Amino acid sequence: MKTMTVMKTMTVLGAGTWGTALAIHLGRLGHCVRLWGRDQHLVADMIAGRRNPTYLPDVPFPESVSLTGSLETALDRSDYVIVAVPSQGLRDVTRALPRLVPVEATIVSALKGL
């Protein structure tokens with residue numbers, strides 16, 4: 001019997017090295033991924049070049065990875081929300097989450113640092 005793979009919509013919050021690497025990996029696995037970054041200039045550069053020129057300049061984004069600077073867009077109908085922002089930025093990002101994250105979404109912490 002053949003099993004069907006269900007693509008999940010995953011949002012990665014944080015477009016540094018760690019968040020970018022997670023988004024690329026999840027995209028390569030076939031998931032629909034939205035990578036959110038707070039730096040609008042970096043997001044614009046990532047959209048234009050389909051890679052993160054600051055943190056992983058030699059690794060292109062898979063087609064299944066979209067980029068946005070809008071939390072609302074990033075979180076819309078997301079199945080999983082992976083929080084990969086620096087620990088010092090956690091408070092600012094998570095303040096908006098209760099009103100934006102779909103109630104059925106799973107939130108995964110990928111934070112590092114103290």
Side-chain angles (χ1 to χ4, degrees):
M1 183 190 300
K2 188 176 182 180
T3 59
M4 288 184 57
T5 302
V6 178
M7 283 188 32
K8 299 290 184 178
T9 300
M10 303 196 172
T11 298
V12 177
L13 300 177
T17 305
W18 181 225
T20 299
L22 287 171
I24 290 168
H25 176 68
L26 292 167
R28 287 178 177 171
L29 290 176
H31 297 289
C32 174
V33 181
R34 297 183 198 126
L35 176 59
W36 172 83
R38 64 178 173 80
D39 181 334
Q40 298 300 317
H41 295 291
L42 177 59
V43 172
D45 288 345
M46 289 190 304
I47 291 169
R50 295 294 302 157
R51 60 187 70 233
N52 187 326
T54 302
Y55 297 104
L56 288 175
D58 298 327
V59 185
F61 290 115
E63 288 300 315
S64 59
V65 175
S66 63
L67 308 143
T68 184
S70 164
L71 271 174
E72 291 83 1
T73 300
L75 295 167
D76 184 44
R77 296 180 305 221
S78 189
D79 297 306
Y80 292 89
V81 177
I82 298 112
V83 182
V85 297
S87 56
Q88 68 267 24
L90 179 64
R91 182 176 304 200
D92 289 338
V93 172
T94 57
R95 282 189 176 141
L97 295 185
R99 66 180 175 81
L100 297 174
V101 173
V103 69
E104 63 278 358
T106 299
I107 299 173
V108 177
S109 173
L111 275 104
K112 53 188 182 143
L114 298 173

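For clarity, every value in this text was computed on a predicted model and none was experimentally measured.
Applying the side-chain hydrogen bond (donor to acceptor under 3.5 Å, both in side chains) test to residues at least two apart or on different chains, the pairs with a partner in residues 48-60 are T20-N52. Legend: side-chain hydrogen bond (donor to acceptor under 3.5 Å, both in side chains) pairs involving residues 70-82, not counting sequence neighbours, sorted by first then second residue: T11-S78, S70-E72, S70-T73.
Counting all heavy atoms, side chain and backbone alike, A96 lies closest to L71 at CB-CD1, 4.0 Å. Between L22 and A84, the closest heavy-atom pair is CD1-CB, 4.2 Å.
Residue V103 shares its hydrophobic cluster (ILVMFWY side chains chained together at separations under 4.5 Å) with no other residue.
A 4.5 Å side-chain heavy-atom check between P53 and M46 finds at least one atom pair inside the cut-off. V85 places none of its side-chain heavy atoms less than 4.5 Å from the side chain of T94. Put simply, the side chain of W18 does not reach to within 4.5 Å of the side chain of I82, judged on heavy atoms.
By the criterion of side-chain heavy atoms lying less than 4.5 angstrom apart, applied directly or through intervening Ile, Leu, Val, Met, Phe, Trp or Tyr residues, L35 is not grouped with L13; the two fall into different hydrophobic clusters. A single hydrophobic cluster is not seen to contain both W36 and V33; linkage of ILVMFWY side chains at heavy-atom distances under 4.5 Å, directly or through other members, places them apart. Tracing side-chain contacts under 4.5 Å through hydrophobic residues (I, L, V, M, F, W, Y), one never reaches V12 starting from L100; they form parts of separate clusters. If you chain together hydrophobic residues whose side chains sit under 4.5 Å apart, M10 and L75 never meet in one group.
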Contacts under 3.5 angstrom, residues 104-111 side chains, donor-acceptor by atom type, not counting sequence neighbours:
none

In a table with atom names and distances, give each donor-acceptor pair under 3.5 Å that connects a side chain of residues 37-45 to protein atoms at least two apart or in another chain.
| unit_1 | atom_1 | unit_2 | atom_2 | d |
| --- | --- | --- | --- | --- |
| D39 | OD1 | H41 | N | 2.9 |
| D39 | OD1 | L42 | N | 3.1 |
| Q40 | NE2 | G69 | O | 3.2 |

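Looking only at distances, no side-chain donor or acceptor of S64 sits under 3.5 Å from a matching main-chain atom of G30.
Annotation: the span from F61 atom CZ to I47 atom CD1 amounts to 9.5 Å, rounded to 0.5 Å.
Judged as a salt bridge (Lys or Arg N to Asp or Glu O under 4.0 Å), and not counting sequence neighbours, the contacts of D92 are R95.
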